[in-house]
Each structure stands twice: as structure tokens, then as C-alpha cells.
Amino acid sequence: MPAGLRQALPCPIGALPVVVEDDVFVGGGVGIYEGVRVRSRAVLAAGVILTASSVIYDLVNERELRATGALTLTVPEGAVVVPGARPAPGSWAHVRGLSISAAVIVKYRDGKTDARTALEGAL
């Protein structure tokens, strides 16, 4: 088809890309879905699931990270994210001890983290 007649391919409304930057360590069973950006040197431990509607709980900086409007959910550079849980809302869930999975930043990369990810890379 001539260049002047090309049309843009249709994309689903609200489609957002997944972006994983350099030197990110991704553990087994990790799910990174539409609308998530993982900044360089981040570590996603086995079992972490991230979607555009996920909330990441940053224990180090005592904040919640969320996607806002057209901006994607972003895992900060060097963040070490592990799977966690938070109580499910409502008294019915409370009585039954139900919880919801949550992504939790427990620290930011340091020498010990670099050594462990280097070992994984060598294997």
C-alpha cells in the first residue's frame, strides 16, 4: 500500500503499553500487564502481579503508587517488589479473614540485591 494511503491500525480504547526498562530482574510467575511501566534495575520477586489497576505499597517511602488518568502504573527505579496481601474490605470479609493480593516495595536495590541477581543471571 502506498505510504500516503496507510491508515493507523485500530487499537482498543484505553490500550496502554507494558514497558520494562534495562536491567530489570523478573522472577518466576510474574505477571506484567497492560498499563505498567517497570523502571530500570527494579526487581520483581516471584509471583508479583501488576496491572494498570494495581496499587503498589511502598513501605520504604510510606506511599501508595497508582496509575492516574493516562499515566501508567510505574515501578520506581531500583525498587524491590514482593507479593504481599492486604485485608479485604467489609465486615463479611473481615470475619472470614479474607485478604487481597498486593504488590509491596520492601526496599530499594543495594549491594546484596545486586549480588543475588548476578547469581541468578549466571545460572
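Position 1 is the first residue of the sequence, and the numbers go up from there. When reading the values below, keep in mind they use all heavy atoms of this one structure, side chains included, and skip hydrogens, waters and symmetry mates. For clarity, every value in this text was computed on a predicted model and none was experimentally measured.
Heavy-atom minimum distance, L50 versus A103: CD2-CB, 3.7 Å. Across all their heavy atoms, A88 and A93 have their closest contact at CB-CB, 3.6 Å.
Connection of V80 to L65 is not established within any shared hydrophobic cluster, with ILVMFWY side chains joined at heavy-atom distances below 4.5 Å, either directly or through further cluster members. Hydrophobic clustering (side-chain heavy atoms under 4.5 Å, transitive across Ile, Leu, Val, Met, Phe, Trp, Tyr) groups V38 together with L73. In the hydrophobic clustering of ILVMFWY residues, with side-chain heavy atoms under 4.5 Å counting as a link, I56 and V20 come out together. Under the 4.5 Å side-chain contact rule for hydrophobic residues, V26 and V18 share a cluster. The hydrophobic cluster containing V36 does not contain I49, counting ILVMFWY residues as joined when their side-chain heavy atoms lie under 4.5 angstrom apart, directly or transitively.
For the salt bridge (charged side-chain N to carboxylate O under 4.0 Å, His left out) test, residues two or more places apart in sequence or in another chain that qualify with R63 are D58.
Side-chain atoms of T51 come within 3.5 Å of backbone N or O of S53 as a donor-acceptor pair. With hydrogens and angles disregarded, no donor-acceptor distance shorter than 3.5 Å links the side chain of E21 to the backbone of R39. Distance alone, capped at 3.5 Å, places no donor-acceptor pair between the E64 side chain and the Y57 backbone. Counting only distance, with no hydrogens or angles, the side chain of R109 and the backbone of R41 share a donor-acceptor pair below 3.5 Å.
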Let me see the working for V81 and V75 under side chain to side chain contact (heavy atoms under 4.5 Å, CB included), right down to the final yes or no.
CA-CA 8 Å; V81 185; V75 176; 3.8 Å; yes
Working for side chain to side chain contact (heavy atoms under 4.5 Å, CB included), residues I32 and L44:
CA-CA 10 Å; I32 307 169; L44 303 179; 3.6 Å; yes
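Interatomic distance, NE2 of H94 versus OG of S99, reported as 12.5 Å (0.5 Å rounding). For the atom pair I100 CD1 and R86 CZ, the distance stands at 4.5 Å (nearest 0.5 Å).
Of the residues V48, V55, L59, the one that meets the side-chain contact (heavy atoms from CB on, under 4.5 Å) test with V104 is L59.
In this structure, the side chains of P76 and Y108 come closer than 4.5 Å at one or more pairs of heavy atoms.
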